[in-house]
There are 2 protein chains.
Amino acid sequence: MPVSPHIPTLDDVANAAGVSTATVSRCLNEKQKVSPKTLEKVMEAVESLGYIPNFNARAMAARQSHTIGAIIPTMENAIFARGLQAFQEALLDQGYNLLVSSSAYQPDLEAQQIRELVARGADGLLLIGYERDEAVYDYLARRGIPTLLAWASLPDTRHASVGFDNRAAMRCLADRVIGLGHRKIAVISGIIDGNDRAAERLSGVKDSWQAHGFHLDDLPIIQTPYEIENGAAAFVELMQADVKPTVIMCGNDVLAAGVISKARDIGINVPDDVSVTGFDDIELAKHVFPALTTVHVPHREMGRIAAENLIALIEKRAEKATHRLDVSIVMRASLKGL
Amino acid sequence: MPVSPHIPTLDDVANAAGVSTATVSRCLNEKQKVSPKTLEKVMEAVESLGYIPNFNARAMAARQSHTIGAIIPTMENAIFARGLQAFQEALLDQGYNLLVSSSAYQPDLEAQQIRELVARGADGLLLIGYERDEAVYDYLARRGIPTLLAWASLPDTRHASVGFDNRAAMRCLADRVIGLGHRKIAVISGIIDGNDRAAERLSGVKDSWQAHGFHLDDLPIIQTPYEIENGAAAFVELMQADVKPTVIMCGNDVLAAGVISKARDIGINVPDDVSVTGFDDIELAKHVFPALTTVHVPHREMGRIAAENLIALIEKRAEKATHRLDVSIVMRASLKGL
DNA sequence: TTGTAGGCGTTATCAA
DNA sequence: TTGATAACGCCTACAA
């Protein structure tokens, strides 16, 4: 009885089947290069031994891991869940596996996790947004790691990307809000430092605001991390101002959910007393009360396209490309006209 | 100018520093076995070359990966998010990395992912619950992979585990509900097949119901996957019955959130017309309206303990142990007496 | 304290 | 169609 369990290797299979390790390897990877008879023999041995290829050894010898790494800013809320899910499904279809980690919105943590994923032999990387230290892009280029930026929409094709125009979308929503008669808007934005999506969304509101002839001085803005509690706290602060806003535009649905929840707590009616808007159209948006007016993002489509384009890049079937998706505004009860 | 980028290896560092690869390796892994002078020399070379150890090679040579795999049933909702987060943090503290995948509540998918993680060289595994094919446990034992079951509470120590008593907790909650005067209870349970947590929670309600002298025939039960929409749908169905329930006890907070959301849609007041309870006390529970009465689970503590115990197991500093946590009932507005 | 050299489990090149 | 055999990049006795 062995003290340490024996784990079957290629050698064991080769012995059991009476062939060489090379042949076993072929049976596993390029069946067509092997006679049906030996294939059967080998597969039997594989089966009976319960052999499973050692991933690390394989990756090292083949110089590719069939693994793709993704780093998202957070797993706490559902912002990236659906998109990543679709990304993973599309990868699996093509025989790739996904490794995910979360950077907690910290650029240096992200940089570290990039190194980690590269060290693990990732064939390619999915990153969120485009704003990061140039050194990171240099590093990736030096190592020759195909990288695709999602949730990002770039003017040029310096990086491969798939995403949508956060700024235009938010501007469009703000136009709608103003069109409904609102003149006292307050904004609860995510932290824009190091977060291009948040920055662009905020710019979008400002664009609209100014295009309608108003001054930025009259646009209260609070920046706070994307957490439901923070949305609630920011809302309280905004409502203490001398001129109360008639609408709160939030940088995403999570903040908006916090606003709606808190409003009820303190006896403010949405949308009669104050309207609220979000961004992303996550699952939650339909289920808060009142349901949230927000910007619908085609998360699943984005994930699927990201997978296709990244794999094409890895297998050198395509050049870097920028893919821009359309978003739409979903009107729900949380926003009403004056 | 090299067509394919050159990635620095141990050899490169050794050459640059004028020492052997063994010495470089020591500098990276066992600094104390190296003179301060060479250490400095080597680290300089590491730095200037931008050397990063190849993970696969390291894992293969050292026969350990310092990686732990976790398989959770779903990432869609936040049930496991906080626990896993704490688990990861504790792992990192001890120099271990975490690899996560999701089984979508499908036992065969879980089995496949277990093999995948083992093939990747995971030093240990975290699984959710205890109910799975014996063959899986056999396989794990044969390969000698330390495994810890979380969200599970076992009577014996056949498997290492950390968790709480789902059945007792739910029974306790049901006792409270009945104590408040409710006699028409309906249950929306998760799918109990293959999900021991769901099964035990359901049993807990039944225990209480019968202990109070009622018949199971008078306890309407709907099983449905843990999704907010499903909670809503089940609720509609339950309210169409001849005898309308005065309280809906849900298998978890996600289902309960669906109930609360749908109730408002169709003009049923919670808790005046019908009370609602959940389980887990996820973030959402506080923010639905009315706030959800539920069972609070110490997710972070569970994650932390899971990490400690699993690492102890891996490093053979401890034997398999069963760790049972206390849970508590959180009374909020969604439940009121008759 | 340092270096030498064998081995970890695959894949891939070349002959046979 | 198969089989030797040399990588792949690192760790780790063992020797110096």
Side-chain angles (χ1 to χ4, degrees), chain A residues 4-43 45-46 49-67 115 118-123 143-144, chain B residues 4-43 45-46 49-67 115 118-123 143-144:
Chain A
S4 81
H6 180 69
I7 292 158
T9 69
L10 254 201
D11 262 311
D12 299 322
V13 179
N15 286 147
V19 298
S20 73
T21 61
T23 299
V24 178
S25 177
R26 286 190 200 100
C27 290
L28 265 28
N29 304 311
E30 344 173 65
K31 300 192 202 312
Q32 73 284 2
K33 286 191 177 179
V34 142
S35 83
K37 288 181 58 175
T38 45
L39 179 63
E40 187 185 2
K41 231 178 9 184
V42 168
M43 285 324 219
V46 165
L49 289 176
Y51 167 76
I52 296 176
N54 178 310
F55 181 90
N56 298 112
R58 185 195 284 247
M60 202 158 63
R63 296 138 161 291
Q64 57 167 314
S65 61
H66 275 279
T67 294
R115 287 193 296 273
V118 170
R120 279 190 124 87
D123 293 339
R143 304 276 306 218
Chain B
S4 81
H6 181 68
I7 292 159
T9 69
L10 253 203
D11 262 311
D12 298 323
V13 178
N15 287 145
V19 299
S20 74
T21 61
T23 299
V24 178
S25 176
R26 288 192 197 97
C27 290
L28 265 28
N29 304 312
E30 345 173 65
K31 301 194 202 310
Q32 72 284 2
K33 287 191 175 178
V34 142
S35 85
K37 287 181 59 175
T38 47
L39 179 64
E40 187 184 1
K41 231 179 9 183
V42 168
M43 284 324 217
V46 165
L49 289 176
Y51 169 75
I52 296 176
N54 178 310
F55 181 88
N56 298 111
R58 185 198 285 249
M60 202 159 62
R63 296 140 159 292
Q64 56 167 314
S65 62
H66 275 279
T67 294
R115 287 192 295 272
V118 169
R120 280 192 123 87
D123 293 339
R143 306 275 307 217

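Residue numbers start from 1 in every chain, and the chains themselves are labelled A, B, ... in the order their sequence lines are given, proteins ahead of strands. What you see is a predicted model, and the numbers here were worked out from it, not measured in a lab.
- Judged as a side chain to side chain donor-acceptor pair (under 3.5 Å), the pairs with a partner in residues 49-59 of chain A (not counting sequence neighbours) are, in order, Asn29(A)-Arg58(A).
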Identify all side-chain donor-acceptor contacts of residues 11-20 of chain A below 3.5 Å with residues at least two apart in sequence or on another chain.
{"unit_1": "Asp12(A)", "atom_1": "OD2", "unit_2": "His6(A)", "atom_2": "NE2", "d": "2.9"}
{"unit_1": "Asp12(A)", "atom_1": "OD2", "unit_2": "Thr9(A)", "atom_2": "N", "d": "2.8"}
{"unit_1": "Ser20(A)", "atom_1": "OG", "unit_2": "Ala22(A)", "atom_2": "N", "d": "3.4"}
{"unit_1": "Ser20(A)", "atom_1": "OG", "unit_2": "Thr23(A)", "atom_2": "N", "d": "3.3"}
{"unit_1": "Ser20(A)", "atom_1": "OG", "unit_2": "Thr23(A)", "atom_2": "OG1", "d": "3.3"}

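- Evaluation of the salt bridge (charged side-chain N to carboxylate O under 4.0 Å, His left out) rule for Lys33(B) yields Glu30(B) as partners, not counting sequence neighbours.
- Rounded to 10 degrees, the angle separating the terminal helix axes of the helix from dT1(C)-dA16(D) to dA16(C)-dT1(D), each built from five base pairs, is 30°.
- Put simply, chain B comes within 4.0 Å of DNA chain D, heavy atom to any atom, from dG9(D) to dA13(D), going 5' to 3'.
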ask   = Could you write nucleotides 7-16 of chain C as a row of B, S and -, 5' to 3', where a protein heavy atom under 4.0 Å of any base atom gives B, of only sugar-phosphate atoms gives S, and otherwise -?
value = BBBBBBB---
Sequence neighbours excluded and cut-off under 3.5 Å, please list the side-chain donor-acceptor pairs for residues 35-42 of chain B, or say none.
{"unit_1": "Ser35(B)", "atom_1": "OG", "unit_2": "Thr38(B)", "atom_2": "N", "d": "3.3"}
{"unit_1": "Ser35(B)", "atom_1": "OG", "unit_2": "Thr38(B)", "atom_2": "OG1", "d": "2.9"}
{"unit_1": "Thr38(B)", "atom_1": "OG1", "unit_2": "Ser35(B)", "atom_2": "O", "d": "2.9"}

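- The shortest heavy-atom contact between Met43(A) and Cys27(A) is CE-O, 4.0 Å.
- When all heavy atoms of Leu49(B) and Pro8(B) are compared, the closest pair comes out as O-CG, 3.5 Å.
- Looking at residues two or more places apart in sequence or on another chain, you find no salt bridge (charged side-chain N to carboxylate O under 4.0 Å, His left out) involving Arg143(A).
- For Arg26(B), the side-chain hydrogen bond (donor to acceptor under 3.5 Å, both in side chains) criterion is met by no residue, not counting sequence neighbours.
- Residue Gly121(A) comes nearest to Ser65(A) through the heavy atom pair O-OG, 2.5 Å, listed as atom of the first residue, atom of the second, then distance.
- Among residues two or more places apart in sequence or in another chain, the side-chain hydrogen bond (donor to acceptor under 3.5 Å, both in side chains) test is passed with Thr21(A) by none.
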